[in-house]
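Quick notes on the structure that follows.
These numbers were taken from a predicted model, which means no experiment stands behind them.
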Amino acid sequence: MRFLLALKILYSSEAKMRRRDLLKSIAFSPLVLSVPSKGKEGFKSETDPLACQSNKNSVTPEMFGARPDGVFNNKEAIEKALQYAYLNGMSCTFLKGVYHSDDISINVPVKINIPNGSYLNFELSIAGSLFSAESNSRIKKGWKSFSTGTNTFSNENLKIKTGDVVSVSLDDQHGGSSQFGNENGIDILNVVDVNESNFIVKNGTRFPYTYPIISKLKSVVAFKGGLHKGSYTIVGDFTSKFSSGDIIRIENVDGTDSVGGGKNYFEYVKIKSIDETHIILSSRTIYSHLNPWLIRTSFLNEVDVTGQGRIKKLVLRNINDLKVSSLSIDRLIISNCYSINVNNLNVTGLSEPSTVNITYCFGKSIIQNLKIANSESSSDNSTLKVMSSPQLVLSNIVISDSNSYSNKQSNYSLFVDALYTPYSCWNDNIILNNVICERPRSNFKRGIWFYGLRNSVIESIVGADVFLQGSVDCFFNNFNISEYKLETKDLVRCNLSFKCQSAIIRGGTGNMLKLDFGGPSSDDSPVNSYCCKFTKGTVNPETGTKYIRGDNNHLSFNNPTRQNSGNDIEIEFQNDLTIESMNVSFLKVKNHLSIGKEVSNVYVKSDFQKM
């Protein structure tokens, strides 16, 4: 009788499901939908929870047996609720209480509501697949078995044929290593020969691997020729491989549009429309590519996690159209996504190397109104770490409580990076503003690091020492770090506007520096003998060319007001440097210049006149 009641409910007009989905939902639904109880009125049946929902567009884990008491393992009930919600186009709403569970990982798009008073005390991972593949297999061998140039792989469980295209990637369980030269790289390879046990690929791998995942790809094209930065169309008939709405990965092969002029970079694009002549993209390409692979991903579409409750750890990967809002989260990881919208979060930290990671997020994403804290690391990490996420808008961020155990590397408040071995993808056209940071609790004082930015605007940042490196055609405006130090390295055609305690400028080409020196040091660290020092550079980020002398830089500064500290401007390894004071006479500026080795053509300009 109870089973018939379940069928009646599920076949109602409110369910509106295809028969296939109906049968699936029965498999994931609880078999007992009424529970007998005995109260003052005697023996009776409680009403079926699926039939009496106040919100018929939502289910709760309690409908599948969950108990949010902080003790009961709710893994099975939560997985069933999420699966049911997905199959029936509903959301999953958690109730007040503590949901204890083993870590949960799902690969379907869901909408989740976590209201105030609800705590998900486990790691929740929602992830699509990087590529659309017919089959996958992991080879259980380490780095020594798969060095750069490997061209032979086991064909066990894959049924690879000559002419197939495969991808080789690292598995999530073992990960990669910068020491071995691959933290997240992939190879796309043509199969040229097959025998009883192995298959052979053309050219071999670009990168080394450990425990590699081999995938036989469904939809992949070897594009011949150039695909230029700013392209809206991809010419050719790709209708047999791709469809409107697909997210495809453009994996560069021979182009050189990376940080440092290398070949290892990629991007994600979305297909707006497609016909027999060309693809039209939803947004212009960000990088220039030569002979790239075009690979259809298997991203999830439309994932929404919202509410005013709390999650211990939220991991979101390979998603198109992601929304996360109004939550308290201990640890947040978002990677390889297209078009994300993250706002109004309190991310409290788990004393891990980072508290929030945003990695390879394309598609004009928005992150705003975040309060972030509590990370610990002994290497270069950060409480908020952004990796190669072009066209990102990041604003209104408060960061605190970063801790490092190293004397040589820092755990920063904020780190925008472009090097994730082996890739060096530009942070192109990002806007970042209104950020409060602080120095880490360590002997290494840097609190903010920007590397690999291009055509970007960064402004209104306070609270810590700043390091700007390897960036091109950027504006760094309205930094007020009057108690802290500025360091730049290998900047090209950037505009800086800073109030800082002192500055060291390493190399650089064509930069405009407007610096206001003032304020005492914020701690007992040694005070520099200079207010500004120019010294040698290393590598041009546009071309990868090594160099030493900075060239054609322009310093405009206000008179230092610090007490008991050096006021000199020290110069070495510079060509055609212009120095302009806003309120000091030419003679005073000249008297405070200290010229060192390998310097040519220093120009001193002053508009100061005594009336």
CA sep, side-chain torsions, deciding dist, call: I458, F479, side-chain contact (heavy atoms from CB on, under 4.5 Å): CA-CA 9 Å; I458 314 298; F479 281 60; 3.7 Å; yes
Apply side-chain hydrogen bond (donor to acceptor under 3.5 Å, both in side chains) to residues T383 and S413 and explain how you reach the verdict. CA-CA 5 Å; T383 304; S413 281; 5.3 Å; no
Using the rule given for salt bridge (charged side-chain N to carboxylate O under 4.0 Å, His left out), can you reason through E487 versus K533, listing the C-alpha separation, both sets of side-chain angles and the distance that settles it, and then say yes or no? CA-CA 10 Å; E487 180 179 356; K533 180 176 181 177; over 6 Å; no
Apply salt bridge (charged side-chain N to carboxylate O under 4.0 Å, His left out) to residues R549 and E598 and explain how you reach the verdict. CA-CA 8 Å; R549 288 193 181 194; E598 297 199 41; 3.5 Å; yes
Report the C-alpha separation of E302 and N320 in whole Å, then their side-chain angles, then the decisive distance to 0.1 Å, and conclude whether the side-chain hydrogen bond (donor to acceptor under 3.5 Å, both in side chains) test is met. CA-CA 6 Å; E302 297 184 7; N320 169 42; over 6 Å; no
Pair I431, L392 - check side-chain contact (heavy atoms from CB on, under 4.5 Å), show working. CA-CA 6 Å; I431 296 176; L392 171 70; over 6 Å; no
Go through it in stages, so that I can follow the logic: the residues are S325 and N344, the test is side-chain hydrogen bond (donor to acceptor under 3.5 Å, both in side chains), and I'd like the CA-CA distance, side-chain angles, deciding distance and then a yes or no. CA-CA 6 Å; S325 63; N344 300 319; over 6 Å; no
Between Y360 and Y423, does a side-chain contact (heavy atoms from CB on, under 4.5 Å) hold up when you go through it step by step? CA-CA 11 Å; Y360 298 138; Y423 294 114; 3.6 Å; yes
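With salt bridges taken as basic N to acidic carboxylate O contacts below 4.0 Å, none links R249 and E267. In summary, D321 and K323 engage in a salt bridge, as defined by a charged side-chain N under 4.0 Å from a carboxylate O. Under 4.0 Å is where a charged nitrogen must lie from a carboxylate oxygen, and between D465 and R439 at least one such pair does.
No donor-acceptor contact under 3.5 angstrom links the side chains of N477 and S497, judged on distance only. For the residue pair T538 and D490, a side-chain donor N or O sits within less than 3.5 Å of a side-chain acceptor on the partner. T535 and E572 share a side-chain donor-acceptor pair at under 3.5 Å. Using a 3.5 Å distance cut-off with no hydrogens or angles, the side chains of N427 and Y451 do not pair a donor with an acceptor. Side chains of S600 and N575: a donor-acceptor N/O pair is present below 3.5 angstrom, by distance only. For the residue pair D330/T348, the side-chain donor-acceptor check at 3.5 Å is satisfied. D428 and Q391 form no side-chain donor-acceptor contact under 3.5 Å, judged by distance and modelled atom types alone.
The distance from the NE2 atom of H592 to the SG atom of C531 is 9.0 Å, given to the nearest 0.5 Å. The line from CD1 of I186 to CG of L130 is 6.0 Å long, rounded to the nearest 0.5 Å. If you take OG on S502 and CZ on F517, they are separated by 8.0 Å, rounding to the nearest 0.5 Å. Rounded to the nearest 0.5 Å, atoms OG (S365) and CD1 (I340) are 4.5 Å apart.
Within the 4.5 Å cutoff, side-chain heavy atoms of Q574 are placed close to those of N553. In this structure, the side chains of E459 and N478 come closer than 4.5 Å at one or more pairs of heavy atoms. Looking at V342 and I366, their side chains never come closer than 4.5 Å, going by heavy atoms from C-beta outward. Residues C425 and M387 have side chains not in contact (no heavy-atom distance under 4.5 Å, counting atoms from C-beta outward). With contacts defined as side-chain heavy-atom distances shorter than 4.5 Å, the pair R493/T509 does not qualify.
Other residues, nucleotides and ligands contribute more than 12 heavy atoms inside 6.0 Å of the NZ atom of K313. Counting heavy atoms of neighbouring residues, nucleotides and ligands inside a 6.0 Å radius, atom NZ of K514 does not exceed 12 of them.
Formation of a donor-acceptor pair under 3.5 Å by the D516 side chain with backbone atoms of F557 is not found in this model. For the pair T421 (side chain) and S178 (backbone), a donor-acceptor distance under 3.5 Å is absent. A donor-acceptor pair under 3.5 Å is absent between the side-chain atoms of S258 and the main chain of T256, judged by distance alone. S328 places no side-chain N or O within donor-acceptor distance of the main-chain N or O of R310, the cut-off being under 3.5 Å. Proximity of a side-chain donor or acceptor of S482 to a complementary backbone N or O of N480 within less than 3.5 Å is not detected. Under a 3.5 Å cut-off, the side chain of N182 and the backbone N or O of P208 do form a donor-acceptor pair. With hydrogens and angles ignored, the 3.5 Å screen pairs no side-chain donor or acceptor of N540 with any backbone N or O of Y547. No donor-acceptor distance shorter than 3.5 angstrom exists from the side chain of N455 to the backbone of N429, with no hydrogens or angles considered. For T297 (side chain) and I247 (main-chain N/O), a donor-acceptor pair under 3.5 Å exists by modelled atom type. Between the side chain of N601 and the backbone N or O of D576, no donor-acceptor pair lies under 3.5 Å.
Proximity of the aromatic rings of F299 and Y268 is defined here by a centroid distance below 6.0 angstrom, and this criterion is met. Between Y338 and F362, the ring centre distance reaches or exceeds 6.0 Å.
Looking at every heavy atom in both residues, C337 comes nearest to N318 through SG-N, 3.9 Å. Scanning both residues, P115 and N113, for their nearest heavy atoms gives CD-O, 3.6 Å. Shown here for I334 and C361, the closest heavy-atom pair between the two residues is CG2-SG, 3.8 Å.
For D304, there are no salt bridge (Lys or Arg N to Asp or Glu O under 4.0 Å) partners at least two apart in sequence or on another chain. The side chain to side chain donor-acceptor pair (under 3.5 Å) test applied to N434 returns N396, not counting sequence neighbours.
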Which pairs would a plain distance check flag for residues 351-358, meaning a side-chain donor or acceptor within less than 3.5 Å of a matching protein atom at least two apart in sequence or in another chain?
| unit_1 | atom_1 | unit_2 | atom_2 | d |
| --- | --- | --- | --- | --- |
| S351 | OG | N374 | OD1 | 3.0 |
| E352 | OE1 | R331 | NE | 2.8 |
| S354 | OG | S382 | O | 2.8 |
| T355 | OG1 | A373 | O | 2.8 |
| T355 | OG1 | N374 | O | 3.0 |
| N357 | OD1 | R331 | NH1 | 2.9 |
| N357 | OD1 | R331 | NH2 | 2.9 |

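Checking I112, V303, I329, N343 one by one against V324, the side-chain contact (heavy atoms from CB on, under 4.5 Å) holds for a single residue, I329. The only option from W449, Y412, Y484, F498 that meets the side-chain contact (heavy atoms from CB on, under 4.5 Å) definition with V466 turns out to be F498. When each of H289, R454, K263, H228 is checked for a side chain to side chain donor-acceptor pair (under 3.5 Å) with D257, only R454 meets the rule. With L345 as the partner, the side-chain contact (heavy atoms from CB on, under 4.5 Å) test is satisfied by one option alone out of N369, L314, L332, I367: L332.
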